[in-house]
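Inspection log for the structure reproduced underneath, given as C-alpha cells.
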Amino acid sequence: MKEDQINRHTGFEMGIYTLADLGPDPHTGKTIDAKQRLAEIIEAAKLADEAGLDVFGVGEHHRLDYAVSAPPVVLSAISQVTKRLKLTSATTVLNTVDPVRLFEDFATLDLLSGGRAEIIAGRGAFIESFPLFGYDVNQYDELFEENLKLFLKLNEEEKVTWNGQFRSSLRNAEIAPRPIQPKIPLSVGVGGTPESAARAGRLGTGLALAILGGDPNRFKPLVEIYRQAAVQAGHNANALNVSVTGHAYIAETTQQAREEFYPYYANYWSYVNRQRGMSTHISKADFEQMSSPETALFVGSPQQVIEKILKQYELYKHQRFIAQIDIGGLPFTKVAKNIEWLATKIAPVVRREIGIR
C-alpha cells in the first residue's frame, strides 16, 4: 500500500508547527534575526511537504523576540513553495483580531493554496496584543466568545447581518472572498481548561490540545468533555476533529535525543518564563524525568516517539499530531533532520498501526 493511500485510509495526519521564537543558541550565544528565521520556516515547510507530512502550522506573537505576527502572510508565502501541506495558524489570537479581517485573510490563503487553509484559534499565552490593538484584557473571555461565534457565522454565510458588543454591526455585509473549501476548518486551542473544551464542543469546532508534557492521562477528560458537549449541542460526533500538539526531538537513541535536546529545551523555557515574569531553571535531572516514557514530551528514539503517539491515540482517538521542534535556538540543520525522522521513520509506522487498530 502506498504511503498516501495509508494516510487516506486511516485519516491520521502528522505535521509540525513553529512559534518562530528568536532565542539564542545556548552553545554559541548567537541569535538569528527575523529575516533568517522566516527563511528557515519557509524552508522547513518545503522539507515537510517534500517528505510527505500533512500539515504545517505558524504561531502568532506581537513581540520583538518572535518573528511572526501575521500567520496568514507567512502561510501565503509557504503556499507558493508547497503542494499538499495543510496550512494552519498555531494559534490565531482570536481575542484581539477582527473576525471579518481574519476570515478574509484566510479565505485569500485558501484561494492561493488551492484549498489548504486552516485556523487554530486560541486566547494566547501573552497579553501584549490587547493594548496594541485597543482591547481591554479584562474582557479576555468575552472577546474570544464573541469573535469565535462571529467567525463561525462568516464561515457559513456570504452575506451577514450581525450585532455584537465589541465591534460595529453588520447589515447584509458581503464577506469576500469566499474560500475554495466549503468552510475554513477551525479548531479551538485548549491547554487544560474544561470550559474551553466544552465551548469548542458546543460550537462544533475542532479541538487542538496543547500537551507540552506531564501525564497524558490528565487530558483525556478534556476530550470527553469536548465530545459530550458537541453531542448535546446536536453536532455530528463523527465530524469532530481532535489534534494533539507538543514539543518533540528525535535521534537515533532516546539517550542521544535527551543529551542533544536538553540544552535547547532548558534554554527555551528559561527565556519563555522570563517573558512571563517568572524565573525557572530546568535541571538535567528534571528533564530526564520530564522526557521519561510515561510522559507526553516527545523526546527520544523513533520507537519511543511512536509509542508515545500511539499511547495518546488510545486515550484520545485523535486525528492529528503536530510536533513543535524548532525551539530554544535549535540550529536549522537539526530541525531539518527531525523533519526527516518524523516523516520517514515515525509517520509511516503510526499511520499503519492506527489503520490496523
Side-chain angles (χ1 to χ4, degrees), residues 6-7 10-19 48 51-57 90 189-192 207-224 241-262 264-266 268-269 282 284-328 330 334-335 337-357:
I6 293 173
N7 191 27
T10 66
F12 196 84
E13 297 178 328
M14 303 275 288
I16 59 174
Y17 72 103
T18 179
L19 300 186
L53 292 177
D54 304 295
V55 60
F56 191 90
V190 175
L207 177 73
L209 287 173
I211 305 179
L212 302 184
D215 183 355
N217 286 284
R218 66 191 178 98
F219 289 87
K220 185 178 180 181
L222 294 177
V223 180
E224 294 170 347
N241 292 309
V242 176
S243 303
V244 168
T245 71
H247 294 151
Y249 188 84
I250 310 145
E252 190 76 42
T253 67
T254 293
Q255 194 54 43
Q256 180 186 349
R258 288 174 174 173
E259 290 290 335
E260 291 180 0
F261 193 50
Y262 167 68
Y264 301 100
Y265 187 78
Y268 175 75
W269 282 115
I282 297 174
K284 188 69 177 295
D286 291 336
F287 180 69
E288 291 283 336
Q289 191 281 324
M290 294 166 76
S291 58
S292 61
E294 64 274 11
T295 70
L297 184 58
F298 299 92
V299 175
S301 66
Q303 185 58 38
Q304 175 82 78
V305 174
I306 288 166
E307 289 172 3
K308 289 194 173 191
I309 295 172
L310 293 177
K311 178 181 179 180
Q312 291 193 3
Y313 179 77
E314 291 302 317
L315 291 172
Y316 316 135
K317 295 297 187 291
H318 52 300
Q319 289 79 33
R320 176 183 286 180
F321 170 68
I322 322 175
Q324 184 184 8
I325 297 166
D326 63 339
I327 63 174
L330 192 73
K334 293 185 181 295
V335 175
K337 185 63 177 176
N338 265 257
I339 291 171
E340 179 187 347
W341 282 105
L342 187 65
T344 63
K345 302 289 186 181
I346 295 173
V349 178
V350 169
R351 291 169 183 151
R352 182 177 67 246
E353 287 297 316
I354 289 176
I356 292 170
R357 296 181 188 193

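Both backbone and side-chain heavy atoms feed into the values below; hydrogens, waters and symmetry mates do not. Every value quoted in this text rests on a predicted model; they were computed, and no experiment measured them.
- The closest donor-acceptor contact from the side chain of Asn338 to the backbone of Ile250 lies under 3.5 Å.
- Taking Asn217 as the reference, Asp215, Leu315 meet the side-chain contact (heavy atoms from CB on, under 4.5 Å) condition, with sequence neighbours excluded.
- For the atom pair Lys334 NZ and Ile339 CD1, the distance stands at 14.0 Å (nearest 0.5 Å).
- Residues Gln312 and Ala296 share a closest heavy-atom pair of NE2-CB, 3.4 Å.
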Show the atom names and distances, to 0.1 Å, of all donor-acceptor pairs under 3.5 Å that link a side chain in residues 340-349 to residues at least two apart or in another chain.
unit_1 : atom_1 : unit_2 : atom_2 : d
Thr344 : OG1    : Glu340 : O      : 2.6

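- Under the 4.5 Å side-chain criterion, counting only non-hydrogen atoms from C-beta, Val55 is not in contact with Tyr17.
- Between the CD1 atom of Ile306 and the NZ atom of Lys311 there is a distance of 16.0 Å, given to the nearest 0.5 Å.
- With sequence neighbours left out, the side chain to side chain donor-acceptor pair (under 3.5 Å) criterion links Gln255 to Glu259.
- For residues 290-310, there are no salt bridge (charged side-chain N to carboxylate O under 4.0 Å, His left out) pairs, not counting sequence neighbours.
- To the nearest 0.5 Å, the span separating NE2 on His318 from OG on Ser243 amounts to 8.5 Å.
- Relative to the six-membered ring of Tyr316, Lys220 misses at least one condition, a distance below 6.0 Å or an angle of at most 45° to the axis.
- Counting heavy atoms from C-beta outward, Leu207 and Asn241 have side chains that stay 4.5 Å or more apart.
- Across all non-hydrogen atoms, the minimal contact from Ile327 to Tyr264 is O-CB, 3.8 Å.
- Tyr268 is linked by a ring-ring contact (aromatic ring centres under 6.0 Å, His included) to His247, Tyr271, counting only residues two or more places apart in sequence or in another chain.
- Residues passing the salt bridge (Lys or Arg N to Asp or Glu O under 4.0 Å) test with Lys317 are Glu314, sequence neighbours excluded.
- Within the 4.5 Å cutoff, the side chain of Phe321 has heavy atoms near those of the Phe298 side chain.
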Checking side chain to side chain contact (heavy atoms under 4.5 Å, CB included) for the pair Ile322/Val244: CA distance, chi angles, key distance, verdict?
CA-CA 6 Å; Ile322 322 175; Val244 168; over 6 Å; no
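- Here the CG-CE distance, from Leu53 to Met14, works out to 7.0 Å after rounding to the nearest 0.5 Å.
- Judged by distance alone, with hydrogens and angles left aside, the side-chain atoms of Thr295 form a donor-acceptor pair with the main-chain N or O of Met290 at under 3.5 Å.
- Put simply, the side chain of Glu13 never gets that close to the backbone of Arg320: no donor and acceptor are under 3.5 Å apart.
- Of the possible donor and acceptor atoms, none in the side chain of Ser301 sits under 3.5 Å from a partner among the backbone N and O of Glu252.
- In this view, Asp286 and Ser283 satisfy the side chain to side chain donor-acceptor pair (under 3.5 Å) rule, not counting sequence neighbours.
- Atom OG1 of residue Thr254 and atom CD of residue Gln304 lie 4.0 Å apart, to the nearest 0.5 angstrom.
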Walk me through it: do Leu209 and Thr245 pass the test side chain to side chain contact (heavy atoms under 4.5 Å, CB included)?
CA-CA 6 Å; Leu209 287 173; Thr245 71; over 6 Å; no
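- Take Arg258 and apply the salt bridge (Lys or Arg N to Asp or Glu O under 4.0 Å) test, not counting sequence neighbours, and it matches Glu288.
- Considering only residues two or more places apart in sequence or on other chains, Glu224 meets the salt bridge (Lys or Arg N to Asp or Glu O under 4.0 Å) condition with none of them.
- With sequence neighbours excluded, the residues forming a ring-ring contact (aromatic ring centres under 6.0 Å, His included) with Phe261 are Tyr249, Tyr265, listed by chain and number.
- Minimum interatomic distance between Ile325 and Leu330 (heavy atoms only, all atoms of both residues): O-CD2, 3.4 Å.
- The side chain to side chain donor-acceptor pair (under 3.5 Å) check on Thr18 picks up Asp326, with sequence neighbours excluded.
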